[in-house]
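Hydrogens, waters and symmetry mates are skipped; everything else that's a heavy atom, side chains included, is used.
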Amino acid sequence: MAAPTHDDLNLGTWRRDQGTVLRQAVSVPAGGRAPQAIIAESEVTRVPTEWSPHSHPMHELVWVRSGTLTSRVGNRIFTVPPGFGLWLPAGVVHGGRLTAAAQFHDAFFAPDRTPVEFAGPTPIEMTSLLESLLVRLARPDLDAGARAR
């Protein structure tokens, strides 16, 4: 039997605010093999933003510093407030949405280099240390030596 596609999972759609930008999934290295154990990103959204249902070959941790992040996994809805993140294991189909002006952050973790295992979506407290590390890794001006440390 073939694995279900994202459309087969019938996650449905949410009512979208006017001006919402619909995005496709972030591209991460195929097979979850990245040059680094962690790939981090951040951005401030100017308009409401939504991601179609998708999955990644790497674990993903998503969080916001301001605004609201909501993620749908199957028939479950997760609202992620500032101070918390949502861990999404590799391969879990999810969609998400952000309010306008949200400070959005995500980090991808190579499964073969991540000692932590969660069976499903898991809320994570974003401690100052964890958030500082991941925000630093999102800096585009970080050289290879600093990134490896």
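Using a 4.5 Å heavy-atom cutoff, the side chains of Thr49 and Arg97 are not in contact. Two residues are said to be in side-chain contact when any heavy atoms from C-beta on lie closer than 4.5 Å; Pro82 and Arg65 fail this criterion. The shortest distance between side-chain heavy atoms of Trp63 and Leu86 does not fall below 4.5 Å. Put simply, the side chain of Thr68 reaches to within 4.5 Å of the side chain of Thr79, judged on heavy atoms. Contact of the His105 side chain with the Val135 side chain is registered, since non-hydrogen atoms from C-beta on lie closer than 4.5 Å. Within the 4.5 Å cutoff, the side chain of Phe108 has heavy atoms near those of the Glu41 side chain. You'll find the side chain of Leu142 stays beyond 4.5 Å of the side chain of Pro140, heavy atoms only. For the pair Ile77/Arg72, a side-chain contact is recorded, criterion being any heavy-atom separation below 4.5 Å from C-beta on.
Ring planes of His56 and His94: tilted class, angle from 30 to 60°.
For CZ of Arg139, the number of neighbouring non-hydrogen atoms (other residues, nucleotides, ligands) closer than 6.0 Å is greater than 12.
For Pro57 against Pro111, the heavy-atom pair with the smallest separation is O-CG, 3.4 Å.
Separating the CD atom in Glu131 from the OG atom in Ser42 is a distance of 10.0 Å, to the nearest 0.5 Å. Within the model, atoms CD1 of Ile38 and CE of Met58 stand 9.0 Å from one another, a figure rounded to the nearest 0.5 Å. The CD1 atom of Ile39 sits 12.5 Å away from the CG atom of Leu134 when rounded to the nearest 0.5 Å. Rounding to the nearest 0.5 Å places CG of Leu69 at 6.5 Å from CZ of Phe104. Here Asp106 contributes atom CG and Leu61 contributes atom CG; the two are 8.5 Å apart, rounded to the nearest 0.5 Å.
Aromatic ring centres of Phe109 and Trp87 lie closer together than 6.0 Å.
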Throw together a table of side-chain donor-acceptor distances under 3.5 angstrom for residues 114-127, partners on residues two or more places apart or in other chains.
unit_1, atom_1, unit_2, atom_2, d
Thr114, OG1, Ala110, O, 2.5
Thr122, OG1, Gly120, O, 2.8
Thr127, OG1, Leu130, N, 3.2

Inset, instruction - Could you check Leu88 against Glu60 for side chain to side chain contact (heavy atoms under 4.5 Å, CB included), going step by step and ending with a plain yes or no? - result: CA-CA 5 Å; Leu88 298 158; Glu60 182 179 24; 3.9 Å; yes

